[in-house]
Undergrad: 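Handing you this structure, nothing more for now.
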Amino acid sequence: MSRIFLVRHGQASWGAENYDALSELGRRQAAATGWWLGGRGIVPARLISGELVRQRDSLAEVVTAADWAGSSESGPVWDEYDHLAVLAALPAEDPVYAASAASVERRAFDARAFDVVYAAALRRWVLGEGDYPETYAAFTARASAALESLAAALAPKEDAVVVTSGGVISAIGAHLLDGGPRVWDRLQRTVVNASVTQVRVGARGIHLMSFNEASHLGDLWSAR
């Protein structure tokens, strides 16, 4: 049996010009996750992240805190979907956009207004309404294929730690639960920063063993 630990990156710079940079809280969250994983005696054979800055920097914090040796690797298959492209595809004439766009477009935008617009944009993306660099179907297929490729590459009793994003983790969870877009959406709304999802690989296939474990974060918990 092998294990894959899927870690969501620490808090990014929400509302800042460069969202992809980890916040100071995000670095502390990632370090707390590394300390927790290392304390459980986990010694991964593979250390992987997506290619986004917040993912790679979170992995570095995890590795340092866990005191793991060995090199890490990154790949675009573990990248999050492009949320900016999803937002940009929401038509200006959409009633939700018209009602909330003025707030969203300000630098210090209102989080509640943003969430309303974002939910509308996500629905369109999931339904395939509009043009996107990567469709929802392609994104979820990419995430599932990344998991299956890694699972096939692990030797028995080897562990891997992958730092990725909430959308990817939720796509994998929905895939393993035989769920569809509604399951993905419900899952991705709950994944907190620096949480850990465990997948086990054995003779009977790939199974979801735990999802969104965040008890190790204590007062560092954050969803955004």
Side-chain angles (χ1 to χ4, degrees), residues 5-38 44 46-68 70-90 101 103-115 117-119 121-122 125 132-134 139 142-143 146 161-172 188-197 212-214 216-224:
F5 297 92
L6 301 169
V7 179
R8 186 187 177 192
H9 60 77
Q11 184 189 64
S13 297
W14 178 257
E17 185 173 353
N18 181 17
Y19 168 76
D20 198 23
L22 281 181
S23 68
E24 181 56 35
L25 175 59
R27 292 187 179 279
R28 293 169 60 200
Q29 290 170 332
T33 299
W35 180 85
W36 182 69
L37 289 170
R46 301 276 299 273
L47 295 165
I48 306 170
S49 77
E51 294 190 340
L52 300 174
V53 173
R54 62 188 182 273
Q55 297 170 336
R56 290 188 282 109
D57 286 356
S58 290
L59 178 60
E61 295 287 349
V62 168
V63 169
T64 298
D67 196 24
W68 289 327
S71 59
S72 61
E73 55 192 286
S74 64
V77 293
W78 298 103
D79 286 356
E80 183 65 294
Y81 63 88
D82 187 344
H83 73 284
L84 294 178
V86 170
L87 278 168
L90 185 65
S103 174
V104 170
E105 289 173 354
R106 290 198 301 267
R107 180 64 62 191
F109 54 76
D110 178 79
R112 290 185 179 181
F114 174 84
D115 288 344
V117 173
Y118 194 43
L122 274 182
W125 181 55
Y132 304 91
E134 182 179 43
F139 165 71
R142 166 166 66 84
V161 170
V162 181
V163 177
T164 180
S165 295
V168 175
I169 294 169
S170 299
I172 288 171
Q188 64 96 20
R189 291 173 184 268
T190 68
V191 185
V192 302
N193 292 309
S195 63
V196 179
T197 292
N212 199 32
E213 173 58 54
H216 58 282
L217 294 173
D219 60 2
L220 298 177
W221 185 96
S222 73
R224 194 186 293 277

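These numbers come from a predicted model, not from an experiment.
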Undergrad: Quick check: closest heavy atoms across S58 and A30, and the distance to 0.1 Å?
TA: O-CB, 3.7 Å
Undergrad: Any sub-3.5 Å donor-acceptor pair from S72's side-chain atoms to I48's backbone N or O?
TA: no
Undergrad: Between R54 and L22, is there a donor-acceptor pair closer than 3.5 Å when you use the side chain of the first and the backbone of the second?
TA: no
Undergrad: Is there side-chain contact between T164 and E80, with at least one heavy-atom pair below 4.5 Å?
TA: no
Undergrad: Hey, are the side chains of W125 and F139 touching, using non-hydrogen atoms and a 4.5 Å cut-off?
TA: yes
Undergrad: Taking 4.0 angstrom as the limit, do R142 and E134 come out as a salt bridge?
TA: yes
Undergrad: Going by the angle between their ring planes, with limits at 30° and 60°, are H216 and W36 parallel, tilted or perpendicular?
TA: parallel
Undergrad: I'd like to know if the side chain of S195 and the backbone of V191 have a donor-acceptor N/O pair within less than 3.5 Å.
TA: no
Undergrad: Taking atom types as modelled, is there a side-chain donor on S222 or N193 under 3.5 Å from an acceptor on the other?
TA: yes
Undergrad: Find the distance between CD (Q11) and CD (Q29) and round it off to the nearest 0.5 Å.
TA: 5.5 Å
Undergrad: Of all the heavy-atom pairs spanning S23 and S13, show the shortest one and how long it is.
TA: N-OG, 4.0 Å
Undergrad: Could you walk me through whether T197 and I172 pass the side chain to side chain contact (heavy atoms under 4.5 Å, CB included) test, one step at a time?
TA: CA-CA 10 Å; T197 292; I172 288 171; over 6 Å; no
Undergrad: Check A121 against Y132 and note the closest heavy-atom contact, atom names and distance.
TA: O-OH, 4.4 Å
Undergrad: Could you tell me the separation between the CG atom of L87 and the CG atom of L122, rounded to the nearest 0.5 Å?
TA: 7.5 Å
Undergrad: Could you check whether atom CH2 of W68 has more than 12 heavy atoms from other residues, nucleotides or ligands sitting under 6.0 Å from it?
TA: yes
Undergrad: Might you point out which heavy atoms bring S49 and L59 nearest each other, and give the distance in Å?
TA: CB-CD2, 3.8 Å
Undergrad: Taking all atoms of both residues into account, what is the closest heavy-atom pair of A143 and A171, and its distance?
TA: CB-CB, 3.8 Å
Undergrad: Output yes when a side-chain donor or acceptor of D79 lies under 3.5 Å from a complementary backbone atom of G50, and no otherwise.
TA: no
Undergrad: To the closest 0.5 Å, what do you measure between OG1 (T33) and NE2 (H9)?
TA: 12.0 Å
Undergrad: Could you grab the distance from atom CZ of R28 to atom CG of L220, nearest 0.5 Å is fine?
TA: 5.0 Å
Undergrad: Over all heavy atoms of both residues, which pair between L217 and A32 is shortest? Give the atoms and the distance, please.
TA: CD2-CB, 4.3 Å
Undergrad: If the plane angle is over 60° it's perpendicular, under 30° parallel, otherwise tilted; pick one for Y81 and Y118.
TA: parallel
Undergrad: With rounding to the nearest 0.5 angstrom, report the CG to CD distance, D20 to Q55.
TA: 7.5 Å
Undergrad: Does the side chain to side chain contact (heavy atoms under 4.5 Å, CB included) test come out yes or no for L52 and Y19, once each step is laid out?
TA: CA-CA 11 Å; L52 300 174; Y19 168 76; over 6 Å; no
